[in-house]
Each structure stands twice: as structure tokens, then as C-alpha cells.
Number of protein chains: 2
Amino acid sequence: MPHSDVLTFAILGILERSPLHGYQIRKRLGTELGPFRALSYGSLYPALKRMMTAGLIGMDADDLKVKGSRRSKIAYRLTDTGRNRLEQELANAGASSWEDGTFDVRFSMFDRTDPETRLRILEGRRTRLAERLEEAGAALRRVRDRHDAYTAELQRHGLETVEREVEWLDRLIEEERSALGGTETNSA
Amino acid sequence: MPHSDVLTFAILGILERSPLHGYQIRKRLGTELGPFRALSYGSLYPALKRMMTAGLIGMDADDLKVKGSRRSKIAYRLTDTGRNRLEQELANAGASSWEDGTFDVRFSMFDRTDPETRLRILEGRRTRLAERLEEAGAALRRVRDRHDAYTAELQRHGLETVEREVEWLDRLIEEERSALGGTETNSA
DNA sequence: TTCGTCATGTAATGGGTTACATGATTAC
DNA sequence: GTAATCATGTAACCCATTACATGACGAA
């Protein structure tokens, strides 16, 4: 029960702001995150169905009630259960918040996350990336000579990209710390 | 028949340098590309099996022949068919070379790719990224105000990352061009 | 002798995409 | 009237991961 999958969480976060049609949810997922992705309907609608079954969301059928039989636009909205689930997730700063496919989604809801949790998530992500950087760097030093110039360049660029992300996180962490007040929070 | 999947192509490229065990192939995939990935055996071995069936690779069973029944280390090597397929792929500068999950693999074999093809692939990738940048930027300008500071920052960072990749490509393209001689090659 | 790494494989499962099928509404 | 976009959904498929099962080899 504790934590749902990313997509469910993302949809919960989007629907909290206002009820939306499936179509609109998809667009929001595209512009709010990334903005380099477009979830297919083949993923979205089944997810909404699952969430209905789980009682996380409900629907306002616009004209479904008016005319007799026509299926039409459906506006989904959060139920109380869904809202509770979302709050529960927003308070959680565990590993699932730093992981690769999850961090962006989690970050996009920082405006609804309390400052301490934000900081812990940013620090978690930073630690994780720094670890990867170290492993990768070490592995690289061991085999450096076996690589041609292009492979080496590819790896250099890969490392550089991650290094930059770490710098970005450092900047955000610093901002969060100073907004929080002093030197109070300690990192693991 | 024309183009195989990325994994097949990557394995072909790795085995061309020398015959390897499945285990070693996996490690190479990890260090040569990225270096942020580790393919699972659940993907690797079935892929090798498919490639065997397709006649792209063959095996040197080390001690399989010596003792009677023991399954042991298997060194895979390219067959002539496999080598031909690889060459065919290496000459191809089509869209499948610029796509997201494919570009890295393709780039890692640039030492076995002729200069003109290299240039066309780099240009293709650059064009694709620049397009995405434009679309994303336009989409963003339209909805900017609807976003909170965190969402905006996430998008800013995403765009910046892609911009940097474009700069990286520009540098590589320039190098390839000057190595090629004059101003001869024309981009689409 | 036991621990870490090398080594090979299968079955169940998961999470996504594409292609298909359908139709309403809006702007030109 | 016709094209674009809005809008919903299913079925088939793809490609990967995780968990499981097995065992050899070298070093402490």
C-alpha cells in the first residue's frame, strides 16, 4: 500500500490542482515535466481506470447524464482517498524520490512539499549522483587506454553531464538551506 | 531485414573487436556506453540466442568439447553474416542513428565509421535536438505563468541540458568538418 | 572451506508503445 | 464541407527487469 507507481503519483499531483480530462492530463504531463515526453493513451487510460478502481479518483461526466447513451468527455477529479494518498507521498522523502525516473515528477511537486522534505530529497539525489560519478570515474581510469578517441569522448561527455547536474543540485540545496535559516540541517 | 534492434547492433560492434563471453559482453556494454547502465542477463542471453538463430554469431565452446557433458564458458564470435550486417549498419546514416536510445551506441562505433557518415549522423542528431528545443521553448513561452517556481526551474534545467548537448555536437561537427578538409559538405 | 566473482540461463512480470477503432467540436 | 484538434478507449506487441536456479574457479 505505501507507495504507488510514478504515473499514478504524477496524475494525482496534476489532478489536485484541478479536475481535468484524460486528454488534458496527457498534455500537462508533457509540458510540466521534461518537457520532453508524451505519454501514450495506451498507458494513460488504463492507468486512470486502475485509479478509479482503487478509489483514488472519480469522474464528473459532463454530458453523460444529459443525453442518454453517448460516451463523452470525462473530467476526472481526486477523491478524498486520492488526496490522502497524495499527501502521504508528498511527505515521503525515501529513495523512491531520488531515483532516476521519479525525481523529476517528485521535483515538479516541490511547491506542495515542506522545506525539510525538499532538502532531504535534493540531498538524497545529490548523494546518489555523486556515488555514480565516483564509480564511473574509477571504472574509467582502469580501462582508459582500451578506448578509442570517440568512446572516450562519449564517456567524458556523459560524466560532464552528470557533474553539471550535481552542480545544479548544489545550487538548489544551498538556496533551500539559506531559506530554511541557518546551518541547522545535517546531511548523511 | 534492413536494420536490427539496438542491442543486436551493440553486441555486433563489441564482438567485432574480439570474441567474448556473455558475461564480458555485459561488462563492455556497461563501461563502453554511458557508463551508466547494466544490461540484465535476462535480456542479454535471449538476445545472444536470437543472434545465434539468425546466424549472426557462433560459439567457441571452451571446454565443452573436452569433458563430455558440462556446459561451461562460451565465447561468442561474429560469423561472416554478422560481420556483413555490422558493416551494412555502419554505413547507414539514417534516422535510426540519431534517435535517443540509439545515438550513443552508434557514436561508440565511430572509429569504424567513415568520416562522411560520421558527419551526417552528427548533423542529424543536432537537427533533431534543435527542433525539440524550439518546440519546447515555444510551448514553454505559452504557459510560463501557469507554473510555480520549481516547475519553471525544472524546465529551465531541462532546456539547458539539451542546449549543452547541441553545443557539444557543434564542437564535434566542426572538428569532423575541418578534418575532412574544406567547406565541402552541405547540411540539409 | 568458504567467500567473492565468474558464468549461464529461464519464467514471471511490468511498463511502456503502436496500431487500431471511433466519434465530437471548432475554425476556415 | 473539410481539416485540425479534441477526446476516449482496446488489443497486440516489445523490450526490459526481477527473481529464481545452478554451478565453476580462485584466493584467503
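Throughout, a chain's letter reflects where its sequence line sits, starting with A, and its residues are numbered from 1. Hydrogens, waters and symmetry mates play no part in the numbers below; they use all other heavy atoms, side chains included.
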Could you work out, with salt bridge (charged side-chain N to carboxylate O under 4.0 Å, His left out) as the rule, every residue matching B:Arg125, not counting sequence neighbours? B:Asp100, B:Glu165
Set out, line by line, the N/O atom pairs under 3.5 Å between protein and nucleotides 14-18 of chain D.
residue : atom : partner : partner atom : Å
D:dT17  : OP2  : B:Ser40 : N            : 3.2
D:dT17  : OP2  : B:Ser40 : OG           : 2.6
D:dT17  : OP2  : B:Ser43 : OG           : 3.0

Taken in chain and number order and not counting sequence neighbours, the residues that satisfy side chain to side chain donor-acceptor pair (under 3.5 Å) with A:Arg50 are none
Any pair counted as ring-ring contact (aromatic ring centres under 6.0 Å, His included), so long as it reaches residues 111-156 of chain A, sequence neighbours left out: A:Tyr150-B:Phe107, A:Tyr150-B:Phe110
Looking only at side-chain N and O atoms, does A:Lys27 come under 4.0 Å of OP1 or OP2 in D:dC6? yes
Measure from CZ on A:Arg26 to P on D:dT5 and round the result to the nearest Å. 13 Å
Rounded to the nearest Å, what distance is computed from the CG atom of residue A:Leu29 to the P atom of nucleotide C:dG16? 11 Å
Overall bend - the helix from C:dT1-D:dA28 to C:dC28-D:dG1, comparing terminal axes fitted on five pairs, nearest 10 degrees: 30°
Whole-Å distance, B:Asp100 CG to C:dG16 C1', equals 15 Å
Between C:dT8, D:dT8, D:dC6, which nucleotide gets closest to the side-chain atoms of B:His21? C:dT8
Just how far, in rounded Å, is P of D:dT5 from CD of A:Gln24? 16 Å
For B:Leu39, does its backbone N or O pair with a side-chain atom of B:Arg26 as donor and acceptor, under 3.5 Å? yes
Counterpart residues, salt bridge (charged side-chain N to carboxylate O under 4.0 Å, His left out), relative to A:Arg156 (two or more places apart): A:Glu153, A:Glu160
Not counting sequence neighbours, list each pair that qualifies as a ring-ring contact (aromatic ring centres under 6.0 Å, His included) and has a residue in residues 121-141 of chain A. none
Using the rule side-chain contact (heavy atoms from CB on, under 4.5 Å), only one of A:Ile14, A:Leu15, A:Leu20 pairs with A:Ser18; which is it? A:Leu20
What is the separation between atom NZ on B:Lys73 and atom C1' on D:dC25, rounded to the nearest whole Å? 9 Å
Out of C:dC6, D:dC6, C:dT10, whichever nucleotide has its closest atom nearest the side chain of A:Tyr23: D:dC6
Under the salt bridge (charged side-chain N to carboxylate O under 4.0 Å, His left out) test, residues paired with A:Arg83 that sit two or more places apart: none
Just the rounded figure in Å: distance from C1' of C:dG9 to CD1 of B:Ile74. 9 Å
For a quick test of reading the model: is some side-chain N or O of B:Lys49 closer than 4.0 Å to OP1 or OP2 of C:dT10? yes
B:Arg28: which residues meet the salt bridge (charged side-chain N to carboxylate O under 4.0 Å, His left out) condition with it, sequence neighbours left out? none
